[in-house]
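Heads up: the structure comes next, in structure tokens.
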Amino acid sequence: QVHLVESGGGSVQAGGSLTLSCKFSGYTYYNYKRWCMGWFRQAPGKKREGVAVIDSDGFASYVDSVKGRFSISKDDAKSTLYLQMNDLKPEDSAMYYCAAEDVVRGRACPSADEFKSWGQGTQVTVSS
């Protein structure tokens with residue numbers, strides 16, 4: 001199982017920016033599999049929401065509400081996953097988690113419930 005540690009959360013005003021980091025370790029690479037890593041968030045009283053996912057081939061996808069504002073990236077040399085968040089809005093306030101899961105090549109990255117490795121979360125608060 002992959003070990004994940006998030007950092008970089010904080011409090012900002014609307015329109016501001018934050019960069020979240022997720023240090024990962026414990027990966028095992030297989031030729032027939034690819035890794036999917038993602039950022040998810042959960043606000044009080046709301047369901048967990050997938051924000052952005054990137055696979056080991058570099059393909060990234062985003063939830064519509066953050067497209068054009070957030071960018072997910074991964075630096076394998078530093079074993080770190082990033083989420084650059086720009087033009088933050090109060091509705092972006094939530095606990096943000098990174099997660100990792102491997103899938104057989106040819107299959108899509110899993111849904112949130114199928115990710116097995118999770119970090120402890122980092123809080124993002126955006127004030128209006």
Side-chain angles (χ1 to χ4, degrees):
Q1 196 168 11
V2 180
H3 183 60
L4 304 161
V5 180
E6 302 97 333
S7 62
S11 297
V12 295
Q13 289 191 326
S17 298
L18 282 174
T19 301
L20 305 184
S21 299
C22 174
K23 186 80 171 177
F24 57 85
S25 61
Y27 264 21
T28 299
Y29 288 92
Y30 301 96
N31 287 339
Y32 70 99
K33 286 188 172 182
R34 64 191 179 99
W35 275 96
C36 299
M37 293 195 72
W39 288 98
F40 301 83
R41 65 187 180 187
Q42 188 166 20
K46 293 190 176 181
K47 288 181 61 177
R48 182 172 54 193
E49 175 186 43
V51 176
V53 174
I54 188 168
D55 67 19
S56 51
D57 297 322
F59 179 79
S61 60
Y62 302 86
V63 68
D64 286 346
S65 60
V66 308
K67 284 180 180 177
R69 300 189 297 122
F70 290 12
S71 178
I72 188 171
S73 62
K74 186 161 67 75
D75 187 334
D76 287 332
K78 296 182 179 180
S79 298
T80 304
L81 178 74
Y82 300 99
L83 184 68
Q84 175 66 44
M85 305 185 294
N86 299 322
D87 189 23
L88 282 161
K89 303 177 180 182
E91 52 264 40
D92 295 318
S93 297
M95 185 70 81
Y96 282 70
Y97 301 89
C98 67
E101 185 59 39
D102 62 350
V103 296
V104 174
R105 287 188 177 276
R107 295 190 63 182
C109 283
S111 61
D113 291 342
E114 295 175 302
F115 278 80
K116 295 187 183 67
S117 298
W118 291 85
Q120 82 289 349
T122 186
Q123 179 68 40
V124 172
T125 302
V126 185
S127 58
S128 57

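Here the structure is a predicted model, which is why all the values come from computation and not from measurement.
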Is it true that K89 and D92 have a side-chain N and a carboxylate O under 4.0 angstrom from each other? no
With sequence neighbours excluded, residues passing ring pair (Phe, Tyr, Trp, His ring centres under 6.0 Å) with Y82: none
E101 (side chain) donor-acceptor with K116 (main chain) under 3.5 angstrom: yes
Just grab all the salt bridge (charged side-chain N to carboxylate O under 4.0 Å, His left out) pairs involving residues 22-33, residues at least two apart or on different chains. K33-D102
Counting heavy atoms not belonging to Q13, are there more than 12 under 6.0 Å from its CD? no
Test item: S25 and S79 side chains (from C-beta on) under 4.5 Å apart, heavy atoms: no
Heavy-atom side-chain proximity of S65 to E91 below 4.5 angstrom: no
Show every donor-acceptor pair shorter than 3.5 Å between a side-chain atom in residues 121-128 and any protein atom, with sequence neighbours excluded, or say none if there are none.
unit_1: T122; atom_1: OG1; unit_2: G9; atom_2: N; d: 3.0
unit_1: Q123; atom_1: NE2; unit_2: A94; atom_2: O; d: 3.3
unit_1: S127; atom_1: OG; unit_2: V12; atom_2: O; d: 3.4

Using the rule that two of Ile, Leu, Val, Met, Phe, Trp, Tyr join whenever any of their side-chain heavy atoms come within less than 4.5 Å, decide whether F115 and M37 are in one cluster. no
Give a yes or no answer on whether the side chain of E6 reaches the backbone of C98 with a donor-acceptor pair at less than 3.5 Å. yes
Main chain of F59, side chain of D57: is a donor-acceptor contact present, judged purely on distance under 3.5 Å? no
Among F40, W39, F24, ring pair (Phe, Tyr, Trp, His ring centres under 6.0 Å) partner for W118: F40
Could you tell me whether the side chains of R41 and Y96 share a donor-acceptor contact shorter than 3.5 Å? yes
